[in-house]
J.: 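The structure that follows is given in the form of structure tokens.
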Amino acid sequence: AIVPMRNSFLIGAMSTAIALILGVIAAIIIFKTKKRWIRIFELSLLIPWIIPASMMGLGLIIGYDAPSVLTFGNALVGTWWILPIGYAVISIPTIVRLTRASLFNVNKSLEESAASLGSGPLRTFFKVVFPILVPTIVAAGAQAFNSKLVEYTMTSLLYAPKYTPLGIAFKNGSENIDKNSYAN
């Protein structure tokens, strides 16, 4: 029982880290950019909300079953890495939406004040904006992590038996119970 829990924690932590980095950066780009194409970019990040997890899993199997340049010449199906990638993909929409919503709460005058005092855009972001976003980022990360601990649908398609996660261990454990022993 400890090994599947450890696997789930590692896979969940890795996927959450990937999703947070990509999601927060994407949310900032979407919020700061006023171009027309950015709406298409935002909507493309929300696709995992529309597609069922089983279809996302099948798409990842089809996409990563052969070596490619994107995967440094490796096939990811049957490896540890395919599951964190899948979990990150289905976590990104929530993180993007929550972070983008939080960016609307940042008072523009705080950024303008920092700029008028000589602070550059990067310093202004990390000293003024980022501390305001931290509670939202932590909450989104916690939600993404917790939801992946017992995720079953995508996991059943993507996990490698060597790295069995908690959701699969629960399912396997429930199938091994003698149902007649509880009837007495």
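For the numbers below, each heavy atom of this structure counts, side chains included, while hydrogens, waters and symmetry mates do not.
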J.: With a 4.5 Å limit on heavy-atom distance, are the side chains of Ile92 and Tyr87 in contact?
T.: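 In short, these two side chains do not touch, never coming nearer than 4.5 Å.
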
J.: Taking Thr124 for its side chain and Gly120 for its backbone only, find out whether a donor-acceptor pair lies under 3.5 Å.
T.: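 Yes.
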
J.: Given 3.5 Å as the limit, does a donor-acceptor pair link the side chain of Ser119 with the main chain of Ala115, or not?
T.: no

J.: With a 4.5 Å cut-off on side-chain heavy-atom distances among I, L, V, M, F, W and Y, is there a chain of contacts connecting Ile18 to Ile28?
T.: no

J.: Can you tell me if Asn7 uses its side chain to pair, donor with acceptor, with the backbone of Thr164 under 3.5 Å?
T.: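 Side chain of Asn7 to backbone of Thr164: a pair is present.
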
J.: Rounded to the nearest 0.5 Å, how far apart are CG of Leu60 and CG of Leu76?
T.: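 Result: 9.5 Å between the selected atoms.
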
J.: Does this structure show an ion pair linking Glu42 with Arg39, if we count only N-O contacts that are shorter than 4.0 Å?
T.: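 Salt bridge flag = yes for Arg39 with Glu42.
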
J.: Would you please say whether a donor-acceptor pair under 3.5 Å links the side chains of Ser113 and Ser116?
T.: no

J.: Distance check, rounded to the nearest 0.5 Å: Ile51 atom CD1 versus Leu58 atom CG?
T.: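 It comes to 11.0 Å.
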
J.: Check whether Ile30 and Ile21 end up in the same hydrophobic cluster, where Ile, Leu, Val, Met, Phe, Trp and Tyr are linked by side-chain heavy atoms less than 4.5 Å apart.
T.: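 Yes, because Ile30 and Ile21 connect within a single hydrophobic cluster, where side-chain heavy atoms sit under 4.5 Å apart.
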
J.: Count the heavy atoms of every other residue, nucleotide or ligand shown that sit under 6.0 Å from CZ of Phe41, and state whether that count exceeds 12.
T.: yes

J.: Would you check if the side chain of Asn107 reaches a backbone N or O of Ser109 as a donor-acceptor pair within less than 3.5 Å?
T.: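 Answer holds: yes.
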
J.: Main chain of Met5, side chain of Ser8: is a donor-acceptor contact present, judged purely on distance under 3.5 Å?
T.: no

J.: Return the minimal non-hydrogen interatomic distance between Ala26 and Leu45, and the atom names on each side.
T.: CB-CD1, 3.5 Å

J.: Is there a side-chain contact between Pro165 and Thr155 (heavy atoms, below 4.5 Å)?
T.: yes

J.: With distance as the sole criterion, is a donor-acceptor pair present between the side chains of Thr153 and Ser54 under 3.5 Å?
T.: no

J.: Is the charged tip of Lys162 near the ring of Tyr159: under 6.0 Å from the six-membered ring centre and within 45° of its axis?
T.: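 No.
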
J.: Answer yes if Leu43 and Met56 sit in the same cluster of Ile, Leu, Val, Met, Phe, Trp and Tyr residues linked by side chain heavy atoms under 4.5 Å apart, and no otherwise.
T.: no

J.: Could you state the interatomic distance from CZ (Arg123) to CG (Leu117), rounded to the nearest 0.5 Å?
T.: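 Nearest 0.5 Å value for the CZ-CG distance: 10.5 Å.
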
J.: Name the orientation class of the two ring planes belonging to Phe31 and Phe104 (parallel below 30°, tilted from 30 to 60°, perpendicular beyond 60°).
T.: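 Correct class here is perpendicular.
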
J.: Determine yes or no for a side-chain-to-main-chain donor-acceptor pair under 3.5 angstrom, with Thr99 supplying the side chain and Ile95 the backbone.
T.: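 A pair under 3.5 Å: yes.
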
J.: Would Tyr64 and Thr79 count as having a side-chain donor-acceptor pair, cut-off 3.5 Å?
T.: no

J.: With a 4.5 Å heavy-atom cut-off, do Leu103 and Val129 have their side chains touching?
T.: yes

J.: How far does OG of Ser102 sit from CD1 of Ile137, to the nearest 0.5 angstrom?
T.: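 The OG atom of Ser102 sits 7.5 Å away from the CD1 atom of Ile137.
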
J.: Inspect the surroundings of CH2 in Trp80 and state if more than 12 heavy atoms from other residues, nucleotides or ligands are less than 6.0 Å away.
T.: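 Yes, CH2 of Trp80 has more than 12 neighbouring heavy atoms, counting only those of other groups under 6.0 Å.
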
J.: Taking Met154 as the starting point, is it possible to reach Trp49 by hopping between hydrophobic residues whose side chains are less than 4.5 Å apart?
T.: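 Different clusters.
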
